Amino acid sequence: MEQHSLNIAVIGCGLGGLSAAIALRQAGHNVTIYERDHTRYELGSGIGVVSNATKWLEGEWGVDLGLAKALVCERAQIHDWKTGKIMADVSTGDYNSRFGHNYYMCYRADLHKALLERALAAADNVGRAGQPAILKQDHRCVAANAEEGTCTFSNGVTIKADLVVGADGIHSQIRRSIGIAPEVKPSTSCCYRFIVRRSKLEALELTDLCDKPIISMWGGQGIDKVVWGPSHNFELLTAFAFFPAERAPLCEDGWDIPATPSELANTFPDIDPTVRAVMLNAEDVKIWRLFEHQPYPYRHKGKACLIGDAAAPMMPDQNQGFSMAVEDGAALSLVLSQETLTRLKGDLSEALRLYEELRSDRVRIVQEKSLKARTDVRERFGFATPQDPPGKLTAEWLCEYDMRKHLQTLLDRSEKQQ
Ligand SMILES: Cc1cc2nc3c(=O)[nH]c(=O)nc-3n(C[C@H](O)[C@H](O)[C@H](O)COP(=O)(O)OP(=O)(O)OC[C@H]3O[C@@H](n4cnc5c(N)ncnc54)[C@H](O)[C@@H]3O)c2cc1C
Ligand SMILES: *[C@@H]1O[C@H](CO)[C@@H](O)[C@H](O)[C@H]1NC(C)=O
Ligand SMILES: CC(=O)N[C@H]1CO[C@H](CO)[C@@H](O)[C@@H]1O
């Protein structure tokens with residue numbers, strides 16, 4: 001029944017692609033997701049979901065994060081690097097009532113599963129939720145033509161869509177196809193991500209590490225930093241451990257390069273012995289070299305646009321990559337809503353221009369602040385201290401943002417100019 005129904009190809013079935021798929025099907029469009037791999041769930045470690053991302057996920061898209069075993073974050077604690085003594089303890093306090101939605105701690109695999117279910121769910125289960133998205137696995141995009149809206153995959157298939165959404169992550173092919181050559185330099189940081197099962201903590205008599213929804217951090221006054229918290233209904237500890245690149249046994253770009261627990265523990269010889277004991281019991285240990293991407297000059301061209309890491313990869317030090325990808329998906333669905341498209345007389349290129357205007361500055365700021373937080377814990381969002389550096393990323397700035405209002409302002413302005 002929708003007046004402006006588009007055929008949209010989403011390239012990449014990661015967290016960003018799924019967010020966009022859910023938002024766009026709800027806006028009345030037909031969505032097909034193309035993923036290079038077979039969709040695998042058990043990938044990744046912890047992901048923080050700020051309340052403004054929760055607002056979309058739970059408030060508007062019907063994704064129940066509680067059912068997805070997410071935990072509502074209660075506090076953040078900073079420990080002394082060597083002794084583990086608690087040096088700072090910050091409550092998230094009235095965060096939830098202030099911002100209207102929870103700040104969650106999630107296991108990436110749980111989030112992925114919940115989003116995938118929601119994207120593919122039959123329409124009649126969920127009321128006003130449009131056509132279910134279609135998922136095509138084993139479709140690796142190798143080329144795209146933004147002017148034509150075509151996309152070719154390594155299996156020989158070529159498709160044509162009204163809009164191609166590049167949600168294909170940090171090494172995006174769609175980004176290349178629209179003429180962006182990333183300016184990249186290796187960061188001086190490397191990072192391990194790992195998980196520790198509750199059963200392993202039981203054997204160590206350390207289950208208390210996994211009993212409360214607290215984000216714990218060691219270090220951060222330089223590159224060295226360990227951050228972890230429970231997720232998956234208190235069954236897992238999901239963790240990140242940052243260290244200077246020159247100390248790495250091996251350090252490459254990529255999300256999926258395996259390492260061993262002893263390599264992990266040996267990288268942090270003088271850390272709190274409890275942390276070392278936990279590290280020696282880690283599973284799914286992965287190591288990756290961080291790269292600094294200069295902000296890209298644009299995020300759309302012709303009938304193609306970028307979202308998530310494809311549009312703006314950022315350092316993981318603020319844990320905002322996912323929340324920004326959710327907002328990108330939401331923004332796309334707002335500029336392509338029936339209401340906006342009617343106002344724009346169905347002009348897709350104007351809608352994509354608005355998408356870019358809506359997202360560029362906000363995401364660039366989060367990118368910059370994520371870089372700052374890499375070597376200075378005081379820059380980290382959520383840890384409000386009296387010694388806050390000027391211009392620190394605050395929960396207020398992130399969560400009091402009103403995207404609909406922002407879009408209204410942009411629409412009014414562009415109509416006035418005509
Ligand atoms: C395996 C993995 C583990 C991660 N672990 C964490 C974590 O523990 N904590 C954290 O904060 N962030 C993690 N991230 C990153 C996090 O998911 C992103 O920063 C954020 O959610 C933005 O998501 P995205 O969809 O833009 O990118 P991604 O989540 O990277 O998704 C991109 C998707 O596109 C697919 N793809 C790539 N190229 C092509 C192509 N040419 N054709 C078709 N499909 C393609 C990929 O297979 C992937 O499914 C992880 C990402 C991956 C891929
Ligand atoms: C979307 O899918 C529905 C149902 O399959 C179909 O009737 C409609 O024509 C499609 N819309 C477009 C733009 O192709
Ligand atoms: C983008 C967005 O939806 N922002 C919201 C963030 O949360 C605050 C408080 O709930 C809302 O006022 C904003 O609209």
Side-chain angles (χ1 to χ4, degrees), residues 2-14 16-37 119 130-182 296-313 325 328-329 331-338 340-360 414:
E2 308 284 13
Q3 246 183 308
H4 301 281
S5 168
L6 302 170
N7 272 317
I8 299 179
V10 173
I11 312 302
C13 187
L18 286 169
S19 298
I22 296 169
L24 290 168
R25 69 170 277 197
Q26 275 190 205
H29 305 295
N30 291 0
V31 178
T32 309
I33 309 169
Y34 298 90
E35 165 62 41
R36 66 177 168 192
D37 287 329
Q131 299 279 341
I134 294 164
L135 172 62
K136 306 257 191 198
Q137 304 186 105
D138 301 311
H139 279 67
R140 176 191 291 269
C141 170
V142 290
N145 182 325
E147 303 308 325
E148 307 279 326
T150 56
C151 201
T152 302
F153 302 94
S154 59
N155 59 11
V157 172
T158 295
I159 56 110
K160 184 168 165 51
D162 299 322
L163 172 65
V164 175
V165 178
D168 48 347
I170 189 147
H171 299 295
S172 175
Q173 175 63 46
I174 302 299
R175 183 172 70 214
R176 209 168 305 143
S177 303
I178 66 170
I180 296 173
Y296 307 141
Y298 51 92
R299 52 165 70 206
H300 81 98
K301 190 182 175 211
K303 295 178 181 166
C305 68
L306 305 174
I307 67 165
D309 284 0
D328 284 348
L332 210 46
S333 74
L334 293 190
V335 302
L336 297 175
S337 71
Q338 298 302 315
T340 310
L341 283 174
T342 302
R343 210 163 148 183
L344 299 175
K345 304 187 181 67
D347 185 344
L348 178 65
S349 64
E350 180 59 12
L352 294 180
R353 195 194 61 72
L354 283 167
Y355 164 69
E356 172 142 352
E357 205 177 349
L358 203 49
R359 295 307 292 154
S360 298
S414 88

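Owing to the predicted nature of the structure, the values given are computational and were not obtained by experimental measurement.
With rounding to the nearest 0.5 Å, the separation of CD in Gln137 from CD in Glu35 is 7.5 Å. Note: Leu358 CG to Leu334 CG = 7.0 Å, rounded to the nearest 0.5 Å. Here Lys301 contributes atom NZ and Leu352 contributes atom CG; the two are 13.5 Å apart, rounded to the nearest 0.5 Å. Note that the NE2 atom of His4 and the OG atom of Ser337 stand 9.5 Å from one another [nearest 0.5 Å]. One distance of note links CG of Asp138 with OH of Tyr34; it measures 13.5 Å at 0.5 Å rounding. Distance CD1/Ile11 to CZ/Arg175: 14.5 Å, rounded to 0.5 Å.
Contact record, Cys13 with Leu135: SG-CD1, 3.9 Å, taken as the closest heavy-atom pair. Gly28 approaches Gln338 most closely through the heavy-atom pair CA-NE2, 4.3 Å. In this structure, Val164 and Gly149 approach most closely via the heavy-atom pair CG2-O, 3.8 Å. The two residues Ala311 and Tyr296 come nearest to each other via the heavy atoms O-CD1, 3.0 Å. When all heavy atoms of Ala133 and Ile33 are compared, the pair lying nearest together is CB-CD1, 4.2 Å. Of all heavy-atom pairs spanning Arg299 and Asp328, the tightest one is NH1-OD1, 3.2 Å.
Side-chain contact between Leu336 and Leu163 is present, with at least one heavy-atom pair separated by less than 4.5 Å. Here the side chains of His300 and Arg359 are not in contact, with every heavy-atom distance at 4.5 Å or above. Contact of the Thr152 side chain with the Thr150 side chain is not registered, since no non-hydrogen atoms from C-beta on lie closer than 4.5 Å. Here the side chains of Leu332 and Ile8 are not in contact, with every heavy-atom distance at 4.5 Å or above. Cys151 places a side-chain heavy atom less than 4.5 Å from the side chain of Ile174. Ser414 is listed as a side-chain neighbour of Glu350, based on a closest heavy-atom distance under 4.5 Å.
For the residue pair Asp347 and Ser349, a side-chain donor N or O sits within less than 3.5 Å of a side-chain acceptor on the partner.
We find that Glu356 and Arg353 are not joined by a salt bridge, their nearest charged nitrogen and carboxylate oxygen being 4.0 Å or further apart.
Remark: side-chain polar atoms of Lys160 are paired, donor with acceptor, to backbone N or O of Glu148 under 3.5 angstrom.
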Checklist entry - Can you check side-chain contact (heavy atoms from CB on, under 4.5 Å) on His29 and Leu341, steps first, answer last? => result CA-CA 12 Å; His29 305 295; Leu341 283 174; 4.0 Å; yes

